[in-house]
Amino acid sequence: MNEIRISLKGEESQRFPSGITAGEALKGFIPSTDNPLVAARVDGNLVDLTHSLDHDCTIEAVGGSNEETLDILRHSTSHVMAQAVQSLYPEAKITIGPAIENGFYYDFDCPRPISVEDLPRIEAKMAEIIRQALPIQRRELDREEALRLFAERGEPYKVELLEELDSARVSLYEQGTWVDLCRGPHLPTTGDLKAFKLTGVAGAYWRGDERKPQLQRIYGTAFFSQQELDEHLRLLEEARKRDHRKLGRELDLFSISDEVGPGLVIYHPKGALLRFVLETFEKEAHLRRGYQMAIGPQLLKTDLWKQSGHFDHYRENMYFTEVEGQSYGIKPMNCLAHMLIYKSKIRSYRDLPLRLFEMGIVHRHERSGVLHGLTRVRQFTQDDAHILCTPEQLNDEIKSILDFALDMMHLFGFDYELEMSTRPAKSIGTDQDWDRATTALMNALRDRGFPYQICAGEGAFYGPKIDVKLKDALNRRWQCATIQCDFTLPDRFDLSYIGPDGEKHRPVMLHRVLLGSIERFLGVLIEHYAGAFPTWLAPVQAIVVTVTDRHIPHAEKVYRTLLEAGIRVENDTRNEKLSYKIREAQLQKVPYMLVVGNREVAADGISPRRRDGKDLGLMELPRFIDLIRQESAVTSSMLRAR
RNA sequence: GCCGGCGUAGCUCAGCGGUAGAGCAGCUGAUUCGUAAUCAGCAGGUCGCGGGUUCGAAUCCCAUCGCCGGCUCCA
């Protein structure tokens, strides 16, 4: 028998009989491995452990706990699920079933609706397939053969996929009598699946296109151990507990009522106060960074929206109304009024950059199925700004916006990722303008050395954009800040400034939001902090709790003093036991509970108890006021002039 | 907008053809209490809305509105 030489990264190369499988070869190098071993990389190519080796090569183990390994496990699990579904519902047609972040799915075209009630049955069938430990075998064949095979098996979606593949050879994966067109790799047998759970069902369009048939998707997840699966399910449970819709009601922050209309938020006093604190801080921060405030009207004549291009490109998302025979559009964006402010006088290059900031309320018609709590609504407030500057100033302006946005992320303790989105199919402006705008954004990212992803075709209709995707405490990603570069609107509105040469020049415009939609950001913040806002932001920073009715006069004095000191304080003088009031304040996640009883009356002080349960002991009011002020000072660096 | 599921008291839920139930919250009274729930009493719902089937509908059917999980879209 021939021998081949195989080398493993970091190890001496060894001789093996030709035809040995990648899995066996790896075991030759690493005799016992407690890490799950799921696949191998041979000369850089990902292959199954059952792949047989017939020439000298370098090999690498794919295993351990990382995304790549989990993806392979989950992909194999999705195949087992598809096999289970087809065995239970033979009329179901298979389509695709990839691993995704945190799990996998498989889409079926099935005349019989699949509901969550079917999941236990499918799971039981999967367990059966796993018990059988069927070998998962790769088979390579000509595309034409594969086409015939899937046509015979009555799988039109697989036929469609094959017809579009341009390679002559394709690979199938078989387990028992079940077969799927798949690139792989997969685990050696269905018995290698350890812990899985089906998590939900949903509708999904074939190839993500809403004009194509709607398929039934089943979501699931899988891990190498039950403990890891349990931990993942616990995290999902935690996310459910933090749901801002639930906390919003429990903390009495806001409500959404179908009497009012879907996607329209009613802020209750505490929610309104939260917004007041957040927005006041943000306005200050903008003033310190050289922005000027502006306020535009809610209604602007439709003619103006035609001029800007919104009527042609954004009409489906806009609301229109008629006033005295004149058509008006309710603003879905704040830029138009800012353009008119720019145009209201002749601008010199010395006036630039002009940075106009508006806490602008916008309305967008969102399709009913997409509304979701505060994170997707029909009326929302943007911390919006438009910067008009010379082309020479553009790079610095983008960099300072990036710095501003990232400072904000740090303030709230968010991690983030940056995305660069380029020209979409439906857009306005010249190629040259798009190139300039895209280059400007990329240069700023490059100058700052920030890593970013490119999202081709995801830009706004008027310009490319940089999006900041924040990552919350549960590692979920949210779209908040966006910076968009626009050469088109200044053109459409014929904006100009007089340059040092005495000639007219066209300014460039940046659209940007930092928190994005205040509504969405609030929703994200609620979940990020699980409702326990930091002291500077908490709508109620402290609550006075009396021990008995005798202590009410002192409590009132404390309450008034703190109120006058600018502290957001409440006074709970109800005839209830102290522990009852503490419990309530705790559930309301108030940062400080100020106990007032005999000792505090005698000492003319309070005994603060922190939200985390720590008793700070008796102290005088000025010291407590100082404490709150110190804790509220976290925003001060953001408020320094830059 | 599309697919699937769900709408019963302020909240969480039970009831699933025979005249609406619980816990918590609320109100009233008693209690005057030291760091996560004092006791008692009272009140609260045209069972999302509209049709239909039935002697009789919260319960079965249809339509509609809303919500939830996704898809598409997106701040």
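Lettering follows sequence order; numbering is per chain, from 1.
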> Given the rule in the side-chain contact (heavy atoms from CB on, under 4.5 Å) test, do Ile466(A) and Tyr452(A) qualify, once you have shown the distances and angles that lead to the verdict?
Replying inline: CA-CA 9 Å; Ile466(A) 296 171; Tyr452(A) 61 95; over 6 Å; no

For nucleotides 3-8 of chain B, list the nitrogen or oxygen atoms of the protein found under 3.5 Å from its nitrogen or oxygen atoms, one pair per line.
unit_1, atom_1, unit_2, atom_2, d
C3(B), O4', Gln214(A), OE1, 2.8
C3(B), O2, Gly203(A), N, 3.1

Atom pairs under 3.5 Å, N or O on each side, protein against nucleotides 37-46 of chain B: can you list them with distances?
unit_1, atom_1, unit_2, atom_2, d
A37(B), N9, Arg583(A), NE, 3.4
A37(B), N7, Arg583(A), NE, 3.3
A37(B), N7, Arg583(A), NH1, 2.9
A37(B), N7, Arg583(A), NH2, 3.4
A37(B), N6, Arg583(A), NH1, 3.4
A37(B), N6, Arg583(A), NH2, 2.5
A37(B), N1, Arg583(A), NH2, 2.8

If [N] has a Watson-Crick or G-U wobble mate with both distances under 3.5 Å, name it; if not, just say none.
{"N": "A36(B)", "result": "none"}
{"N": "C71(B)", "result": "G1(B)"}
{"N": "G23(B)", "result": "C11(B)"}
{"N": "G50(B)", "result": "C62(B)"}
{"N": "G18(B)", "result": "C55(B)"}

Could one point to a donor on the side chain of [X] or the base of [N] with an acceptor on the other under 3.5 Å away?
{"X": "Tyr205(A)", "N": "G70(B)", "value": "no"}
{"X": "Arg376(A)", "N": "C73(B)", "value": "yes"}
{"X": "Gln588(A)", "N": "A36(B)", "value": "no"}

> When you check the gap from the basic side-chain N to the acidic O, do Glu237(A) and Arg240(A) get nearer than 4.0 Å?
Replying inline: yes

>> Does this structure show an ion pair linking Glu164(A) with Arg207(A), if we count only N-O contacts that are shorter than 4.0 Å?
In response: yes

> Regarding Glu600(A) and His554(A), is there a side-chain donor-to-acceptor distance under 3.5 Å anywhere?
Replying inline: no

For [X] and [N], is the shortest distance between a side-chain N/O and OP1 or OP2 below 4.0 Å?
{"X": "Ser368(A)", "N": "G1(B)", "value": "yes"}
{"X": "Arg550(A)", "N": "C33(B)", "value": "yes"}
{"X": "Arg245(A)", "N": "C67(B)", "value": "no"}
{"X": "His551(A)", "N": "C33(B)", "value": "no"}

> What are the residues of residues 589-619 of chain A, sorted by number, that bring a heavy atom to within less than 4.0 Å of RNA chain B?
Replying inline: Val595(A), Gly597(A), Asn598(A), Arg599(A), Glu600(A), Ser607(A), Arg609(A), Asp615(A)

> Heavy-atom contacts under 4.0 Å between residues 411-427 of chain A and RNA chain B, which residues?
Replying inline: none

>> Please check this pair: side chain of Lys125(A) against backbone of Val85(A), looking for a donor-acceptor N/O pair closer than 3.5 Å.
In response: no

> Which heavy atom in Pro591(A) sits nearest to a heavy atom in Thr535(A), and how many Å separate them?
Replying inline: CB-OG1, 3.8 Å

Please classify the nucleic acid contact of [X] as base, sugar-phosphate, or nothing, using heavy-atom distances under 4.0 Å.
{"X": "Val377(A)", "result": "base"}
{"X": "Val513(A)", "result": "nothing"}
{"X": "Tyr219(A)", "result": "sugar-phosphate"}
{"X": "Lys246(A)", "result": "nothing"}
{"X": "Arg520(A)", "result": "base"}
{"X": "Arg249(A)", "result": "sugar-phosphate"}
{"X": "Glu519(A)", "result": "nothing"}

Give each protein N/O atom lying under 3.5 Å from an N/O atom of nucleotides 49-51 of chain B, with the pair distance.
none

Report the residues that fulfil side chain to side chain donor-acceptor pair (under 3.5 Å) with [X], sequence neighbours left out, ordered by chain and then residue number.
{"X": "Glu620(A)", "answer": "none"}
{"X": "His268(A)", "answer": "Asp252(A), Ser255(A)"}
{"X": "Arg112(A)", "answer": "Asp118(A)"}

Side chain proximity check, [X] to [Y], heavy atoms < 4.5 angstrom:
{"X": "Phe196(A)", "Y": "Leu229(A)", "answer": "no"}
{"X": "Tyr592(A)", "Y": "Leu616(A)", "answer": "yes"}
{"X": "Arg476(A)", "Y": "Glu527(A)", "answer": "yes"}

>> When you measure from the centre of the six-membered ring of Phe311(A), is the NZ or CZ of Arg315(A) closer than 6.0 Å and no more than 45° off the axis?
In response: yes

> Does the gap between the ring centers of Phe412(A) and Phe521(A) come in under 6.0 Å?
Replying inline: yes

>> Using the side-chain contact (heavy atoms from CB on, under 4.5 Å) criterion, which residues pair with His79(A)? Sequence neighbours excluded.
In response: His75(A), Tyr106(A), Tyr173(A), Gln175(A), Trp178(A), Asp180(A), Cys182(A), His186(A)

>> Using the ring pair (Phe, Tyr, Trp, His ring centres under 6.0 Å) criterion, which residues pair with Tyr559(A)? Sequence neighbours excluded.
In response: none

>> Per the ring pair (Phe, Tyr, Trp, His ring centres under 6.0 Å) rule, what does the pair list look like for residues 460-482 of chain A, sequence neighbours excluded?
In response: His310(A)-Phe461(A), His313(A)-Phe461(A), Tyr462(A)-His511(A)

> How far, in whole Å, is G4(B) from A22(B) if one measures between their C1' atoms?
Replying inline: 31 Å

> Just how far, in rounded Å, is C1' of C71(B) from CG of Leu371(A)?
Replying inline: 15 Å

>> Holding to salt bridge (charged side-chain N to carboxylate O under 4.0 Å, His left out), I want the full list of residues that pass it with Arg609(A), two or more places apart in sequence or in another chain.
In response: none

